[in-house]
Number of protein chains: 2
Amino acid sequence: MANRRASITDLAKALNLSTSTISRALADHNDVSEATKKRVRALAEELSYQPNQLAAALRRGRTNTLGVLVPHITGHFFPQVVNGIATEAARLGFNVMICQSNEDVKQERKNIDLLMNSQVEGILVSLANTTKDFSHFEAVRSQNVPLVFFDRVVEGFRGDNVSAVMLDDYQGAYQVVAHLIEQGCTRIAHFTGPLHINIHKGRHQGYLDAMKDKGLQPDPRLTVFGELNQKTGAAYMRKLLKQPERPDAVFASNDLAAVGALQELKAQGLRVPEDIAVAGFSNEPFTTLVEPQLTTVDQGCDTMGISAVRLLQKMLAGNPDRLMQPRNVVLKPKLLVRESTMKK
Amino acid sequence: MANRRASITDLAKALNLSTSTISRALADHNDVSEATKKRVRALAEELSYQPNQLAAALRRGRTNTLGVLVPHITGHFFPQVVNGIATEAARLGFNVMICQSNEDVKQERKNIDLLMNSQVEGILVSLANTTKDFSHFEAVRSQNVPLVFFDRVVEGFRGDNVSAVMLDDYQGAYQVVAHLIEQGCTRIAHFTGPLHINIHKGRHQGYLDAMKDKGLQPDPRLTVFGELNQKTGAAYMRKLLKQPERPDAVFASNDLAAVGALQELKAQGLRVPEDIAVAGFSNEPFTTLVEPQLTTVDQGCDTMGISAVRLLQKMLAGNPDRLMQPRNVVLKPKLLVRESTMKK
DNA sequence: CTGAAAGCGCTAACAC
DNA sequence: GTGTTAGCGCTTTCAG
């Protein structure tokens, strides 16, 4: 009843062949006669033989597996990127092992260990937002397991066989603001998160530079710093509307805050975009479900996953004695103009 | 430079000890002297030794890994369930291997093979919606690898060590409709997907029974069958509004269709819920972002994941000679009443 | 075309 | 406390 799984040895005994012949037959080597192959396959099928990857990988010294570590497996962004990773990895013949850190350095460290213990051939990581110490990546680097950071990348940790893929947040924000100005807006407010996080820093700078380049002086009273969610977005909007000179547009660094602003405006009887235009960032699925539909920036999540895997693949394929220089890929975001900013 | 990973053998040589002692020291066995343990640990640290799980698992005959197969890794529902699975599995000391079938039986089959080859100790599956043939699960069952289906379960495939976790869709729909009737609605329309899919069947039946139980005769012209998304939801609504006797409520079998209906109503200048109430199903994140906020049914995704793992754990822990009878867990959904149906 | 033999890195009897 | 030995299931020289 316990039905031990059939092994190559079992097949060998049953067919009165050696294990090597069985192994070769199953691998479809050309130096095995068709007749034997047929017999082997038939029996394998009959016993529903399943090769033991553990043993094969141990013997070969190759697992054909990539490790992925993300802060969350939920939400919109990361699952999308992971999907890109999984798809591209499958295309290249790799399996993928996925872990989440839950934004916790402790778990991040534990998962990196787990991936290393599992003998993955390369690792793709997006950092927990509390990660300040990178010692757990030392082992990865020192054993020359290629490492690609994506989206949330490290400034302080580089080296051979360590690369990064990120989005050009600056560019994305710049495009949004330039578009708003083109629509005739001049007093453009900006909701931003903490500037020590690279995405917010980039988006904020893009906002400032676009303003200046178009000859507008950004009014510091129109930039609001803080948490960015639906609630705070609404609160920030309310605050701004109380000021004497109110804005004619809002660019929020994420979509949730933009929706909050949108709802507050509607609640106060203001029209969007006629009175005040609103734009977000990330192209969350709900941006097409609110009214008016929200202008935002698409981050090409799949592309990020795909690029990350390709980068890894390059390091894997490269000459092992001549490690790859660190390389950064910066992806171009895409402005999606929708109703919430279309004045003309 | 190539920096081969340190092995137990390396440690043994360096310290002039046997591999068994090293192995025991690292595992913190009590029959190794503290002094030796210290030396071993120190060197292991220095060489940043990483145990090779492959070898250990091969030797032990246990991988401590559960396999998960979902139709998608994106969207809202599945990542949430997978999160529940991963969290509970971690709590129980299991690793998790996640695959997606992309709703394709071919890939489903391939992934099941992959999981079996990887020697997972149990498998959690939500079926691709095109899966009609279950032969690929035969191998799983025949080798007594415990199997838990969740959300999308099979009717035709059962056996020892095969269980299922699902949502009581009937109950959820019943609650929604009972609530609508309580709000004074009598002409309640229903948007449903194809009835051969168990979730739609259950929800439809819940709708019918709730009506009848409350003394209302469901009008067949108010039930619309078809694809359920934002676009079709709007279209179905438009169609219904053209009929002479229009509904005073709509219960859509998913949230996207409900939002479509909502938008159509607003576009035609009707008030929700005053003129027509609207309810959906699934508690998608966007249901609190639309206006009015959408009444819906929460499926307790995490709970589903957690239950599935616990069920698996029970089978794993059970007497291997006395296989566990198939068991089904049916989870209770939770009605979330929001603005879109609050008439009173 | 097939077989014998070695070994991937680790663990677990079994000895002493 | 520590060492010896065997072997998990597979692949891969090397011989024939």
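Side chains included, hydrogens not; waters and symmetry mates left out as well; all remaining heavy atoms used. The structure presented is a predicted model; accordingly, all values stated were derived computationally and were not measured.
Of all non-hydrogen atoms in B/Arg152 and B/Asn129, the two that sit nearest each other are NH1-N, 3.3 Å. Across all their heavy atoms, B/Ile73 and B/Ile98 have their closest contact at CD1-CG2, 4.3 Å. Among all heavy-atom pairs drawn from A/Ala139 and A/Ser142, the shortest one is O-OG, 3.2 Å.
With hydrogens and angles left out, the side chain of B/Arg24 and the base of D/dG3 share a donor-acceptor pair within 3.5 Å. Residue side chain B/Ser23 does not reach the base of C/dA12 through any donor-acceptor N/O pair under 3.5 Å, judged by distance alone.
Aromatic ring centroids of B/Phe149 and B/Phe134 lie 6.0 Å or more apart.
Here the nucleotide nearest the side chain of B/Leu58, chosen from D/dT11, C/dT11, D/dG9, is D/dG9. Closest approach to the A/Arg59 side chain among C/dC8, C/dC10, D/dT2 is made by C/dC8 (side chain taken as heavy atoms from C-beta onward). Closest to the side chain of A/Thr36, out of D/dC14, D/dT11, C/dC1, is C/dC1.
One finds a side-chain N or O of A/Ser18 lying less than 4.0 angstrom from the OP1 or OP2 phosphate oxygen of C/dG3. A close approach under 4.0 Å does not occur between any side-chain nitrogen or oxygen of B/Thr21 and OP1 or OP2 of D/dG1. Not one side-chain nitrogen or oxygen of B/Ser7 sits closer than 4.0 Å to the OP1 or OP2 atom of C/dG9. Residue B/Tyr49 has a polar side-chain atom (N or O) positioned under 4.0 Å from OP1 or OP2 of C/dC10.
The backbone N or O of A/Thr63 lies less than 3.5 Å from no partner atom in the side chain of A/Gln119, so there is not a single donor-acceptor pair.
Classification of B/Lys110 and B/Asp104 as a salt-bridged pair fails, no side-chain N sitting under 4.0 Å from a carboxylate O.
Looking at heavy-atom distances under 4.0 Å, B/Leu54 makes no contact with the nucleic acid at all. Nucleic acid contact class of B/Asp31 (heavy atoms, under 4.0 Å, all strands): base. Within 4.0 Å of B/Ile8, counting heavy atoms only, lie sugar-phosphate atoms of the nucleic acid but no base atom. Residue contacts shown for A/Ser20 include a base, since a base heavy atom lies under 4.0 Å away.
Axis angle, first five pairs versus last five pairs of the helix from C/dC1-D/dG16 to C/dC16-D/dG1: 40°, rounded to 10°.
In this structure, the CG atom of B/Asn52 is 9 Å from the P atom of C/dT11, given to the nearest Å. Rounded to an integer number of Å, the gap from B/Glu34 CD to D/dG1 P is 10 Å. Spacing between atom NE2 of A/His29 and atom C1' of D/dT12 amounts to 9 Å, rounded to whole angstrom units. The CZ-P distance, from B/Arg60 to D/dG9, rounds to 15 Å in whole Å. When rounded to the nearest whole Å, the span between CG of B/Asn30 and P of D/dT2 equals 13 Å. Protein atom CG of B/Leu11 is 15 Å distant from nucleotide atom P of D/dT2, rounded to whole Å. Summarising the geometry, the separation between CZ on B/Arg5 and P on C/dC8 is reported as 16 Å, rounded to the nearest angstrom. The nearest whole Å value for the distance from the NZ atom in B/Lys13 to the C1' atom in C/dG9 is 12 Å.
With the nearest nucleotide of DNA chain D identified for both B/Ser33 and A/Gln53, B/Ser33 has the one nearer the 5' end.
Under the side-chain contact (heavy atoms from CB on, under 4.5 Å) test applied with A/Phe137, the options A/Val145, A/Ile123, A/Val162, A/Leu127 reduce to a single match, A/Leu127.
Two residues are said to be in side-chain contact when any heavy atoms from C-beta on lie closer than 4.5 Å; A/Arg5 and A/Asn52 fail this criterion.
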